[in-house]
Amino acid sequence: MEKELTIKNGCDRGLCKNAVGRQDRQLNTYDWLADVPGNVDSTDLVEVQFKHTRKGYYHNVNKLDLKKGDIVAVEANPGHDIGVVTLTGRLVKLQLKKANLKSADDIKRVYRIARPVDMEKFREAKSREHATMIESRQIAKGLGLKMKIGDVEYQGDCNKAIFYYIADERVDFRQLIKDLAATFHVRIEMKQIGARQEAGLIGGTGPCGRELCCATWLKNFVSVGTAAARFQDISLNPQKLAGMCAKLKCCLNYEVDDYVEAGRKLPAKDILLQTQDNDYHYFKADILAGLVTYSTDKNIAANLETITATRAKQIIEMNRRGEKPLSLQEDGNKKATATHVDLATQENINRFDRAKKKKKRKPRKPNQPEQQAKNAKE
């Protein structure tokens, strides 16, 4: 029954197969409108992805029956390029807004579904990329340019090559373009990227054990500051806060809004809590749980007590009125001190030093055939 339902609906476990498409593409988008009737006909725009994280948006002027995962030949300047359709229908318009294209001229056309001749030319172009990158680095080094060529991407028809480079300062690469064009006999385009974009191009696994966000789904990079770590009460250790790109991890921004909102409910760190038994200083806090730990000493952890933020604000309000509660706890009782257990008094720890008595082995009784053989010799 389950198999018949899967075939009938074209879905598996509630996920439409048309929505998933090829999962080996970076920045893959789940098309949750794929099985909605009329979704594809709502617009002629399609999203096409090329090498790594480069995407483009094109008009399907020829009314081709395009689906997610189709390899198509699209308009380029000059010639044509080969890419994979990653999205169709209404969601393309939303992705188009995120791409922030400056003019409608940036949206070109889809020529056709890639033919065997196109794919053969495309494979030839891809096979030249690594050798081109190595040789271009040597040319840039020979010119004394302070830049690093991180990757090279050939257009599907081998008429153009994009050189992705990283540079801290302004670079005059006019002579470099002339040398590259004379060496590789293609049209040259130089595109500067940052350290985060380079990590997305190379890919890898982060300290969380998962594939890098910049290499899978993250497209727009937002500046990350140390303030994001301070709001989350994270130790400012550069080695732990830095990602594969040697910059601050992008994931520091993921939860910072929740921490900022939760931190507003906590009392200020410089406020002293006064009770009848002692004065308590702020020590640490569990921001999301809303718990605050106080110490009787300002510099070290001494007589630590953890209370809720609500209880701390109640005590602060009482102190302002000149009142002092019996203790920090809501019931007014003092926190039960943990009793120290000395193992030496419970049991003699020298028992581990005692040598184990060796058991005397009993003499082995000889087998009857062995005994008979021994008697025969005698």
Side-chain angles (χ1 to χ4, degrees), residues 26-30 52-53 98-100 148 150-151 164-169 192-273 279-316 328:
Q26 291 175 314
L27 302 183
N28 184 73
T29 304
Y30 179 79
H52 297 309
T53 58
K98 292 174 60 178
N100 194 21
K148 174 188 175 184
D151 195 13
Y164 297 94
Y165 72 95
I166 301 173
D168 296 332
E169 302 175 356
Q192 186 174 5
I193 58 175
R196 300 182 192 275
Q197 286 86 348
E198 183 190 23
L201 294 176
I202 298 174
T205 304
C208 58
R210 302 187 65 177
E211 195 174 356
L212 297 179
C213 297
C214 54
T216 51
W217 63 271
L218 188 62
K219 184 176 181 181
N220 299 324
F221 297 95
V222 182
S223 61
V224 184
T226 55
R230 293 191 181 96
F231 282 126
Q232 300 175 65
D233 203 12
I234 301 176
S235 175
L236 299 179
N237 187 343
Q239 294 180 352
K240 292 185 178 180
L241 295 181
M244 302 292 289
C245 57
K247 302 290 184 180
L248 291 177
K249 296 177 184 177
C250 296
C251 54
L252 289 175
N253 281 345
Y254 294 170
E255 299 178 354
V256 66
D257 292 337
D258 292 335
Y259 275 90
V260 171
E261 184 178 354
R264 293 171 182 169
K265 302 177 182 179
L266 299 179
K269 298 181 180 180
D270 56 348
I271 297 180
L272 180 70
L273 300 189
D279 293 342
Y280 291 87
H281 302 269
Y282 177 93
F283 182 71
K284 65 178 182 178
D286 189 340
I287 301 176
L288 296 181
L291 300 177
V292 189
T293 302
Y294 286 90
S295 170
T296 55
D297 193 285
K298 187 177 182 179
N299 299 319
I300 63 174
N303 304 320
L304 297 180
E305 289 200 35
T306 302
I307 58 176
T308 62
T310 305
R311 174 60 179 171
K313 290 183 177 180
Q314 290 178 356
I315 298 176
I316 293 173
L328 292 183

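Numbering starts at 1 and runs along the sequence shown. Since we're looking at a predicted model, the values are computed, not measured.
- Atom CG of Leu328 sits about 10.0 Å away from atom OG1 of Thr296, to the nearest 0.5 Å.
- A side chain to side chain contact (heavy atoms under 4.5 Å, CB included) with Arg196 is found for exactly one of Cys214, Cys250, Cys213, namely Cys250.
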Side-chain donor-acceptor pairs under 3.5 Å in residues 251-269, sequence neighbours left out?
| unit_1 | atom_1 | unit_2 | atom_2 | d |
| --- | --- | --- | --- | --- |
| Asn253 | ND2 | Ser223 | O | 3.4 |

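- Taken from CZ in Arg210 to OG1 in Thr205, the straight-line distance is 11.0 Å, to the nearest 0.5 Å.
- Heavy atoms only, all atoms of each residue included: Leu212 and Ala199 are closest at CD1-O, 4.0 Å.
- Surrounding CZ of Phe231 are at most 12 heavy atoms belonging to other residues, nucleotides or ligands under 6.0 Å away.
- A donor-acceptor contact shorter than 3.5 Å is absent between the side chain of Thr293 and the backbone of Thr306.
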Fill in: Lys148 and Tyr165: CA distance, side-chain angles, deciding distance, side-chain contact (heavy atoms from CB on, under 4.5 Å) verdict
CA-CA 5 Å; Lys148 174 188 175 184; Tyr165 72 95; over 6 Å; no
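- Taking both residues in full, the closest heavy atoms of Ala215 and Gly200 are given as CB-O, 3.7 Å, listed atom of the first, atom of the second, then distance.
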Item to complete: Output, in order, the C-alpha distance, side-chain angles, deciding distance and verdict of side-chain contact (heavy atoms from CB on, under 4.5 Å) for Leu304 and Phe283.
Response: CA-CA 8 Å; Leu304 297 180; Phe283 182 71; 3.9 Å; yes
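- The CD atom of Gln314 sits 9.0 Å away from atom CD1 of Ile307, with the distance rounded to the nearest 0.5 Å.
- Listed for the Gln192 side chain is a donor-acceptor partner under 3.5 Å among the backbone atoms of Ala167.
- Within a 6.0 Å sphere centred on CG of Asn237, heavy atoms belonging to other residues, nucleotides or ligands number more than 12.
- A side-chain donor-acceptor contact under 3.5 Å links Ser295 to the backbone of Ile300.
- Between atom CG of residue Leu273 and atom CD of residue Glu305 there is a gap of 10.5 Å, rounded to the nearest 0.5 Å.
- The local environment of NZ in Lys313 is crowded, with over 12 non-hydrogen atoms from other residues, nucleotides or ligands closer than 6.0 Å.
- The CG atom of Asn303 sits 16.0 Å away from atom OH of Tyr294, with the distance rounded to the nearest 0.5 Å.
- Here the CG-OH distance, from Asp151 to Tyr164, works out to 7.5 Å after rounding to the nearest 0.5 Å.
- Contact record, Ala229 with Leu236: CB-CD2, 3.7 Å, taken as the closest heavy-atom pair.
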